[in-house]
Amino acid sequence: MKGRRTMSVEMNELQTLRHSAAHILAQAVKRLFPEAKLTIGPPIDTGFYYDFDVETPFSREDLDAIEKEMKKIVKENLKIERFELPREEALELMKDEPYKIELINELPEGETISFYKQGDFTDLCAGPHVRYTSKVKAFKLLSATGAYWRGDEHNKMLTRVYGTAFFTKDELNEHLEKLEEAKKRDHNKLGRELELFTTSDLIGQGLPILLPKGARIIQILQRFVEDEEQKRGWQLTKTPLMAKSDLYKLSGHWDHYKEGMFVLGDEEKDKEVFALRPMTCPFQYQAYLNRGRSYRDLPMRLNETSTLFRNEASGEMHGLIRVRQFTISEGHLMCTPEQLEDEFKGCLELVQYMLQTLGLYEDVSFRFSQWDPDNREKYIGTEEQWNEAQDTMKKILDHLGLEYKIGIGEAAFYGPKLDIQIKNVHGKEDTLITIQIDQMLAEKFGMEYVDRDGKKKNPYIIHRTSIGCYERTLALLIEKYAGAFPTWLAPVQLKLLPIADRHLDYTYEVKKKLEENGIIRIEIDDRSEKLGFKLREAQLEKVPYMIVIGDKDIEKGAVSVRSRKNGDMGSMPVDDFIKMIKEEIDTKQR
RNA sequence: GCUGGUAUAGCUCAGUCGGUAGAGCAGCUCAUUCGUAAUGAGCAGGCCGCGGGUUCGAGUCCCAUUACCAGCUCCA
């Protein structure tokens with residue numbers, strides 16, 4: 001929390017500038033499109049936006065014209081003045097702006113109703129703003145998209161114009177360059193270029209094909225995760241990918257998650273209807289229910305590398321980050337109330353270890369995802385149950401000293417979550433990992449254990465992932481490392497580059513020796529190309545090590561090593577290189 | 001699902017006013033056997049996303065559809 005106050009002051013000045021930029025945008029739109037209706041236009045992390053209700057959405061040409069008009073307004077150096085009005089007069093002033101009237105009517109009694117006026121433009125606004133339009137020197141309009149009024153899909157879709165603004169032109173240009181850089185790191189572009197994955201029109205949306213290199217990385221991650229989970233007392237299950245609707249009716253999915261499921265069959269016509277699983281919970285519960293359990297069986301930690309299917313709406317898919325079929329490092333832990341805190345901590349420690357090893361820990365933030373009491377139909381359970389579950393979770397989080405923000409309405413339908421959030425290269429935040437406490441499903445499924453006192457009780461259940469969903473994690477790793485994976489993760493760890501054909505025999509000898517030492521992700525480039533050409537290609541493929549083999553190396557029984565990161569490392573005995581790379585792989589160096 | 005945009009060779013892109021398809025890179029063949037980021041020459045490569053329509057004629061115009069991109073909604 002330290003330092004945040006000073007940060008927020010700096011941010012406020014920038015936000016004020018951007019907020020004023022949004023007003024200048026609205027003024028320009030009103031001048032060029034008088035029939036446009038105003039709604040809201042706040043500053044955001046990366047700039048600002050303003051939502052308009054217009055007959056036809058703005059085209060790129062419209063944006064260019066609007067931007068030109070904005071520059072004029074800046075040049076006019078209009079004074080930005082605040083004034084206040086009583087409610088009646090405020091409504092009269094805004095009589096042609098239905099959205100503003102809606103906003104005014106919602107202001108509580110006694111609230112100040114303030115306006116900001118600059119030249120021919122006046123907007124309902126709490127402020128603050130810069131004093132003159134000329135202060136807004138460095139700005140750019142970026143895009144026009146659709147956005148629902150008040151973020152509700154049942155409302156009308158408005159036209160949102162995004163822009164950004166900075167104090168100086170240099171800062172603006174730097175920001176625009178960063179946006180360009182981000183495009184190059186985008187997993188969806190880089191992942192295809194590096195042949196990690198592809199998609200096919202015939203297979204469909206949200207169903208990526210992992211190519212050999214991408215599948216290799218996921219295999220490495222999966223082995224790492226499963227081994228680490230086993231070390232920490234988790235037991236692997238393999239449960240079916242589909243089940244009868246009966247299972248989901250019991251779990252609550254049928255009532256609360258059916259939209260998100262692929263249902264096989266027709267309830268009207270077929271005797272039995274199946275559905276592909278969107279979550280693993282009810283399946284692993286059946287493993288728990290295999291026989292009667294006692295407190296001696298607890299905690300029971302069940303993990304599974306679990307493929308899930310979710311019928312996401314068509315506009316929601318994105319590369320490997322949002323897909324319809326994915327595989328997750330899933331797990332469910334059944335324990336007694338006394339064990340809950342320690343077990344939760346254990347789950348968190350596993351996650352932290354994973355994220356630290358992958359190098360993603362510095363990029364994540366925590367979110368305590370709670371239910372929305374105003375939206376009861378989204379959830380199972382009673383208010384008492386929710387309050388109890390959230391209190392329990394809050395206590396644990398506070399004991400752990402975690403810094404977190406609260407997400408109202410972000411809970412699962414069966415319980416609150418600790419979500420570990422990460423931003424992609426474009427700044428869009430997604431959940432990477434989740435740890436949840438569930439007091440409701442055990443009861444629904446009749447999961448019990450016999451306690452010391454001989455009484456039957458429902459266990460607490462922790463739902464968790466340890467590395468999250470493999471596809472999404474891979475996406476974040478591609479962006480984190482710009483495709484240059486640490487050697488332990490690299491799909492091809494080294495390339496052997498013989499200079500001429502007469503070096504081939506020795507090259508195969510070196511390959512064999514490496515393989516005998518467990519270094520097996522090797523390629524040989526035996527094409528009759530010049531060394532520089534082979535090196536360039538290997539470098540562009542982001543292979544960690546390039547091993548050059550020529551006369552000098554054969555003479556000395558050595559290899560010439562070039563690292564992706566540091567360039568030419570000179571000649572070294574084969575054994576020395578093996579020792580070096582093994583050490584790097586074994587310690588999972590970044 | 002909603003709003004907008006895009007779709008031409010494996011990739012990046014050009015293609016004028018509607019007149020029958022073009023480049024660079026990659027690929028293949030040949031020559032070259034080379035020491036730390038591109039050797040040269042030649043060849044081949046296209047149902048212009050898919051389906052309709054308008055037209056004498058459609059890569060180009062219209063409609064529909066699929067996929068991709070940005071955003072909204074939703075979500076791991």
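Residue numbers start from 1 in every chain, and the chains themselves are labelled A, B, ... in the order their sequence lines are given, proteins ahead of strands.
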Can you find a donor-acceptor N/O pair under 3.5 angstrom joining the side chain of A/D553 to the base of B/rG35? yes
Base of B/rU66, side chain of A/D201 - is there a donor-acceptor contact under 3.5 Å? no
Taking Watson-Crick and G-U wobble contacts under 3.5 angstrom, with | marking pairs to another strand and [ ] crossing pairs, the secondary structure of RNA chain B is written (((((((..((((.....[..)))).(((((.......))))).....(.(((..]....))).))))))))....
Please measure how far the P atom in B/rC17 lies from the corresponding atom in B/rA38, and state the result in whole Å. 41 Å
Side chains of A/T280 and A/E304: do they bring a donor and an acceptor to under 3.5 Å? no
On a whole-Å scale, what distance lies between the P atoms belonging to B/rC13 and B/rA76? 34 Å
Any chance you could list the contact pattern along nucleotides 71-76 of chain B? Use B for base contacts, S for sugar-phosphate-only contacts and - for none, protein heavy atoms under 4.0 Å, 5' to 3'. BBBBBB
A/I203 CD1 to B/rC68 C1', in whole Å, measures 15 Å
Mind checking ring-ring contact (aromatic ring centres under 6.0 Å, His included) for A/Y379 and listing every partner two or more places apart, or none if nothing turns up? A/W371, A/W386
If I take atom NZ in residue A/K495 and atom C1' in nucleotide B/rA37, what distance separates them, rounded to the nearest angstrom? 13 Å
Once you apply a heavy-atom cut-off of 4.0 Å, does A/E193 come out as touching a base, just sugar-phosphate, or nothing? nothing
Residues passing the salt bridge (Lys or Arg N to Asp or Glu O under 4.0 Å) test with A/K511, sequence neighbours excluded, are A/E515
Is the shortest side-chain N to carboxylate O distance from A/E330 to A/R301 below 4.0 Å? no
Please report the distance separating the C1' of B/rG10 from the corresponding atom of B/rA64, rounded so that it comes out in whole Å. 30 Å
Going by an N to O cut-off under 4.0 Å, is there a salt bridge joining A/R150 and A/E102? yes
Distance-only side-chain donor-acceptor flag, A/Q539 / A/R562, under 3.5 Å: yes
Can you check the distance between B/rG71 and B/rC61, where both ends of the measurement are the C1' atom (answer in whole Å)? 29 Å
At 4.0 Å (heavy atoms only), tell me whether A/G468 reaches a base, stays on the sugar-phosphate, or touches nothing. nothing
What is the ring orientation for A/H463 with A/Y414, classed by angle as parallel under 30°, tilted 30 to 60°, or perpendicular over 60°? parallel
Mind checking the C1' distance from B/rG19 to B/rU60? Whole angstroms is fine. 11 Å
Is a donor from one side chain sitting under 3.5 angstrom from an acceptor on the other, for A/S143 and A/R60? no
Value in whole Å for how far the C1' atom of B/rA38 lies from CG of A/L535: 11 Å
Using atom P in both nucleotides, what's the gap between B/rC34 and B/rU16 to the nearest angstrom? 49 Å
What integer number of Å spans the P atoms of B/rG15 and B/rA9? 15 Å
Which residues share a ring-ring contact (aromatic ring centres under 6.0 Å, His included) with A/Y481, sequence neighbours left out: none
Report which part of the nucleic acid A/S560 touches: base, sugar-phosphate, or nothing (heavy-atom distance under 4.0 Å, all strands). base
For residues 548-555 of chain A, which side-chain donor-acceptor pairs fall under 3.5 Å, sequence neighbours excluded?
| residue | atom | partner | partner atom | Å |
| --- | --- | --- | --- | --- |
| A/D551 | OD1 | A/R502 | NE | 3.1 |
| A/D551 | OD1 | A/H503 | NE2 | 2.7 |
| A/D551 | OD2 | A/R502 | NH2 | 2.8 |
| A/D553 | OD1 | A/S560 | N | 3.2 |
| A/D553 | OD1 | A/S560 | OG | 2.7 |
| A/D553 | OD2 | A/G550 | N | 2.9 |

Quickly work out the A/F533 CZ to B/rU33 P distance and round it to whole Å. 18 Å
Length of the CZ-P vector between A/F52 and B/rU3, whole Å: 20 Å
Just by distance, with hydrogens left out, do A/R472 and A/T431 show a side-chain donor and acceptor under 3.5 Å apart? no
Round to the nearest Å and state the distance from A/D525 atom CG to B/rG35 atom P. 15 Å
Suppose you measure atom C1' in B/rA14 against the same atom in B/rG22; what distance do you get, rounded to whole Å? 7 Å
Looking only at N and O atoms, is any donor in the side chain of A/S528 or the base of B/rU32 less than 3.5 Å from an acceptor on the other one? yes
How many whole angstroms separate atom CD of A/E55 from atom P of B/rU3? 14 Å
Over all strands shown, is A/K552 touching base, sugar-phosphate only, or nothing at heavy-atom distances under 4.0 angstrom? base
Below 4.0 Å: OP1/OP2 of B/rU33 and any side-chain N or O of A/R527: no
In whole Å, I'd like the distance from the CD atom of A/Q205 to the P atom of B/rU6. 18 Å
Regarding B/rA37, can its base be found pairing with the side chain of A/R562 as donor and acceptor, where the two atoms are less than 3.5 Å apart? yes
Phosphate-side-chain proximity, A/H503 and B/rC34, N/O vs OP1/OP2 below 4.0 Å: no
Less than 4.0 angstrom between a side-chain N/O of A/Q539 and OP1 or OP2 of B/rU36, yes or no? no
Tell me what A/L142 touches on the nucleic acid: a base, only sugar-phosphate, or nothing, going by heavy atoms under 4.0 Å. nothing
